[in-house]
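Sequence lines set the chain letters: A, B, ... in the order given, protein chains first and strands last, and positions in each chain run from 1. This structure is a prediction, so every number in the text was calculated from the model and none was measured.
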Amino acid sequence: MDVSDIIAAHAAKQKAVTVEKEIPLDIDTGLLTVTDLNPIDEDSYKDNLEDYLISTARDGVQALIGSLFSLPTTASPDGPLAKLPPPVYQLPRAKPLPKPKPLTKWEKFAKAKGISKTKKDKKVWDEEKQDWVDRWGWKGANKDKETQWLSEVPANADVDFDPRKAARDARKEKIAKNERQKLQNLAHAQKSSGSTPSNPGLQAQASRKREIEKTLATTRTSTASLGKFDKKLEGEKKLKGVKRKFDPAEVSANQEKSNNLAILSKIDREPVTKKSRKSVPESSSTGNDVLNVRKAVRFASKGRGGVALAREARALCVFIFV
Amino acid sequence: MLRTVKPKNARSKRALEAREPKEVEDAKTAIFVKGTHTGEVVSGVMKELMALKRPNAISFSKKNAIRPFEDTTSLEFFSQKNDASLFVVGQSTKKRPNGMTFVRMFDYRVLDMCEVGVESWKSMNEFKTPKSTPGHKPLLHFSSELFDTHPRFQQLKSILIDFFNGEVIESICLAGIEHVISISLGPTPSSLSTSTTNTATTTTLGATTSTPSAPLLDDSTKDLPKVHIRAYTIRLLSSGTRIPRVELTPMGPSIDFSLRRAQAANPELLPQAMKRPKLKKQDVEKGLGKKKKNLEVDEMGDLRGRIHVEKQDLGRLQTRKMKGLKKGNNGFEEEDEDGDVSMDDDDEDDRRKRRRSE
């Protein structure tokens with residue numbers, strides 16, 4: 001059997017898909033890029049530009065397609081997927097590399113102890129509804145105790161014990177605790193990772209510094225001589241906008257009298273506080289009573305408030321009727 | 001700087017998270033922005049480039065007084081606002097007609113710039129041929145030795161790869177390869193072909209020049225050859241082998257431009273931008289990044305290995321053969337030894353027995 005024809009045909013086929021170049025083409029399959037480092041042929045360039053460009057491009061693309069089609073492939077509904085190698089040519093990134101997230105306190109502990117995280121499903125099976133319900137959130141399973149129509153009351157419970165409120169409080173407490181821990185972790189992370197100028201950690205520090213400076217300024221002007229004779233530290237700056245102010249030494253008798261009376265009246269008066277300021281309109285509405293109602297209620301309810309007192313009274317009445 | 005906002009709902013939180021730096025980055029978005037005056041040529045070319053870059057392209061329809069080589073603040077602002085890291089700024093002036101500036105950003109700051117002047121162009125619509133699907137990845141073809149030797153063209157190549165094909169992908173659908181963008185240069189002038197090696201060593205991508213504000217690449221652009229950008233659609237014909245035969249059809253656009261000003265990569269930003277993430281665990285397991293023991297590269301760049309050998313057993317060393325030293329020569333001695341050994345064993349056994357009996 002003569003196979004020379006077949007061999008020749010095969011060689012011809014191979015010839016059609018292989019590219020021969022003086023300098024071999026530089027192919028980067030990862031970036032789908034081919035670079036032809038052969039010098040431009042000036043004659044054919046000037047002779048017919050478009051034909052020359054298309055022919056060099058064809059050679060390059062043929063070589064690139066050749067290397068792409070010889071990559072290992074996996075089947076997909078849209079056709080074969082060629083697995084690309086990582087690119088050789090290095091391009092600059094658009095953004096810096098992400099910084100590793102600092103571990104939370106629990107994560108640190110778990111790492112030290114070798115505890116691996118088991119992920120909880122978001123849904124739990126509800127036997128009553130015979131359905132999957134969310135563990136938390138809207139109509140979440142963690143609110144069952146607050147929404148059920150009948151709830152158990154322990155035998156030694158207080159009269160005003162509200163099991164729904166207790167369950168809700170416990171849940172809210174948990175949420176608050178989680179939030180607190182989250183904030184602590186955030187603060188710790190900021191402290192450990194030397195913060196940048198736009199960091200909230202540094203902002204907090206700056207605000208604290210401002211506050212301290214303010215307090216210091218107040219104390220410095222708190223003496224009669226506005227800190228003129230205070231001990232000074234090295235490098236302490238002189239406060240701006242601070243001036244002593246003296247009343248004139250000679251004033252009329254009337255003026256002096258009123259000045260002194262003003263001082264006396266100030267001494268005599270009760271100190272003005274927020275509470276007393278608030279209670280002024282209240283007392284005026286109820287008449288000038290000696291009895292401070294708010295105080296009395298607080299005393300009678302042992303500090304639990306008027307609502308609790310009323311509830312207690314109602315319960316007592318029921319008890320008496322029974 | 002834009003003020004940093006704390007997200008108030010889940011959607012804005014997701015949007016902010018999508019902007020955070022990633023280990024493997026998404027495709028870079030390009031903003032096409034017009035300067036104070038753009039002629040018909042520049043706006044047409046920008047439209048064509050945008051058609052190739054879609055869907056990762058944003059077009060600014062209004063004019064902006066931007067001079068990238070003088071003031072970069074508005075570029076930085078646009079970049080941050082739109083989360084884009086590439087710019088094409090079109091500007092046509094009397095001194096520099098039909099100019100387009102390619103700007104690359106890193107971390108919302110300008111990394112490098114390259115200005116080109118459009119000399120002639122042909123729109124995609126003028127070619128009455130089938131077009132590629134928007135969003136498909138193009139192949140890239142560069143043709144000239146200057147892309148390897150001349151710093152200006154090295155930069156241009158880097159920018160154009162980044163522009164058209166920057167995204168690193170793991171796999172590609174072979175049926176989806178539809179078009180190729182070919183970038184070729186005019187014939188290399190004799191002045192460059194002799195002196196390229198010198199210029200290349202002095203300024204490779206501008207990293208070696210150490211002036212703090214990013215240096216301008218050398219200004220002599222009159223000798224540089226023209227750049228021809230062509231886009232072709234690919235037809236794959238069966239060749240009888242696994243690899244198909246390729247035929248190209250011009251798709252458009254075709255753009256010819258010459259290089260003008262350029263700014264090399266900012267020496268402060270470039271090392272940060274070139275940092276690679278550490279290899280992933282699976283890659284390490286595969287052995288790509290595995291640290292090989294006892295291998296090192298010396299100053300000459302040769303790979304040197306170190307092997308450890310067990311301590312040599314000198315008892316088995318082959319020395320000079322002499323008749324008298326031969327082992328198996330004397331049969332009597334051998335027998336004697338054997339006998340001795342067995343007797344010894346018996347003795348020991350006897351002793352043990354005796355101890356037990358005691």
Side-chain angles (χ1 to χ4, degrees), chain A residues 9-10 13-14 16-18 23 26 28 30-42 45-46 49-50 52-62 64-71 73-74 76 78-84 86-87 89-99 198, chain B residues 4 20-23 25 28 85 104-107 111 137-145 147-148 158 161-162 165-166 168-177 180 182 184-188 193 228 230 232 234 236 239-248 250 265 270 272-275 277:
Chain A
H10 186 71
K13 278 176 190 170
Q14 282 294 335
V17 294
T18 49
I23 304 168
D26 177 14
D28 191 348
L31 283 172
L32 308 175
T33 301
V34 58
T35 311
D36 187 348
L37 294 178
N38 293 293
I40 309 289
D41 183 15
E42 204 162 346
Y45 175 85
K46 278 183 181 154
L49 174 66
E50 295 303 321
Y52 176 70
L53 291 181
I54 205 168
S55 70
T56 49
R58 199 214 76 86
D59 286 351
V61 172
Q62 179 70 64
L64 181 57
I65 289 273
S67 61
L68 279 175
F69 274 74
S70 51
L71 289 172
T73 55
T74 50
S76 83
D78 297 327
L81 282 179
K83 202 170 175 302
L84 294 175
Y89 192 84
Q90 302 268 298
L91 289 169
R93 294 174 60 88
K95 285 169 198 173
L97 281 173
K99 287 188 187 101
S198 61
Chain B
T4 48
E20 276 173 8
K22 297 179 192 86
E23 207 160 83
E25 294 188 312
K28 292 183 178 179
S85 57
R104 225 170 1 171
M105 316 288 285
F106 171 73
D107 197 16
L111 183 71
K137 284 202 74 138
L139 304 183
L140 287 181
H141 171 252
F142 291 90
S143 162
S144 176
E145 81 270 24
F147 282 121
D148 209 31
S158 174
I161 292 181
D162 223 355
N165 239 354
V168 177
I169 49 171
E170 284 197 343
S171 56
I172 189 165
C173 181
L174 291 176
I177 298 173
V180 57
S182 161
S184 25
L185 303 184
T188 314
S193 55
H228 305 281
R230 299 283 181 275
Y232 305 109
I234 299 173
L236 299 177
S239 69
T241 57
R242 193 183 161 170
I243 298 161
R245 199 187 140 70
V246 173
E247 293 269 310
L248 300 182
L270 189 66
Q272 287 181 55
M274 299 307 281
K275 262 187 194 167

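Of the inter-residue distances, the one linking B:Ile234 atom CD1 with A:Ile65 atom CD1 reads 4.5 Å to the nearest 0.5 angstrom. Distance check, rounded to the nearest 0.5 Å: CZ of A:Phe69 to CD1 of B:Ile177 gives 6.0 Å. Taking OG1 from A:Thr73 and CZ from B:Arg242, the interatomic distance works out to 5.5 Å, rounded to the nearest 0.5 Å. Taken from CZ in B:Phe142 to OG1 in A:Thr33, the straight-line distance is 6.0 Å, to the nearest 0.5 Å. The structure places OG1 of A:Thr56 at 10.5 Å from CZ of B:Arg230, a figure rounded to the nearest 0.5 Å. Atom CG in A:Leu32 sits 5.5 Å away from atom CD1 in B:Ile169 (nearest 0.5 Å).
Contact count against chain B (heavy-atom pairs under 4.5 Å) is highest for A:Leu91 among A:Leu81, A:Leu49, A:Leu91. When the candidates A:Ala82, A:Gly79, A:Pro87 are compared by the number of heavy-atom contacts under 4.5 Å with chain B, A:Ala82 comes out ahead. Of the listed residues A:Leu64, A:Leu53, A:Asp78, A:Asp26, the one with more heavy-atom pairs under 4.5 angstrom with chain B than any other is A:Leu53. Listed options B:Gly186, B:Ser85, B:Ala175, B:Ser184 were ranked by heavy-atom pairs under 4.5 angstrom with chain A; first place goes to B:Gly186. Note: B:Lys22 leads B:Gln272, B:Lys22, B:Met105 in heavy-atom pairs under 4.5 Å with chain A. Ranked by heavy-atom pairs shorter than 4.5 Å toward chain A, the options B:Ala273, B:Pro138, B:Pro187 are led by B:Pro187. Highest contact tally toward chain B, considering only A:Pro39, A:Ser55, A:Gly60, A:Ser76, is held by A:Pro39 [criterion: heavy-atom pairs under 4.5 Å].
Heavy atoms closer than 4.5 Å to chain A are found in both the backbone and the side chain of B:Phe106. For a residue to count as touching a neighbouring chain, one of its non-hydrogen atoms must lie under 4.5 Å from one of that chain's; by this rule A:Pro96 touches chain B with backbone and side chain alike.
Residues A:Pro92 and B:Leu111 are in side-chain contact: their nearest non-hydrogen atoms beyond the backbone lie under 4.5 Å apart. Looking at A:Ile40 and B:Ser143, their side chains come closer than 4.5 Å, going by heavy atoms from C-beta outward. Within the 4.5 Å cutoff, no side-chain heavy atoms of A:Leu97 are placed close to those of B:Pro21. Looking at heavy atoms from C-beta onward, A:Val34 lies out of side-chain contact with B:Val180 at the 4.5 angstrom threshold.
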Evaluate the side-chain contact (heavy atoms from CB on, under 4.5 Å) criterion for residues A:Leu68 and B:Leu139: first the C-alpha distance (whole Å), next the side-chain angles of each, then the deciding distance (0.1 Å), finally the verdict. CA-CA 11 Å; A:Leu68 279 175; B:Leu139 304 183; 4.1 Å; yes

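A:Gln62 contributes no side-chain N or O that, together with a main-chain N or O of B:Glu247, makes up a donor-acceptor pair within less than 3.5 Å. For B:Glu25 (side chain) and A:Arg93 (main-chain N/O), no donor-acceptor pair under 3.5 Å exists by modelled atom type. In terms of modelled atom types and a separation under 3.5 Å, the side chain of B:Asn165 and the main chain of A:Leu31 share a donor-acceptor contact. A donor-acceptor contact shorter than 3.5 Å links the side chain of A:Arg58 to the backbone of B:Val246.
For A:Tyr45, the side-chain hydrogen bond (donor to acceptor under 3.5 Å, both in side chains) partners are B:His228, not counting sequence neighbours.
Taking all atoms of both residues into account, the shortest heavy-atom contact from B:Phe147 to A:Thr35 is CB-CG2, 4.4 Å.
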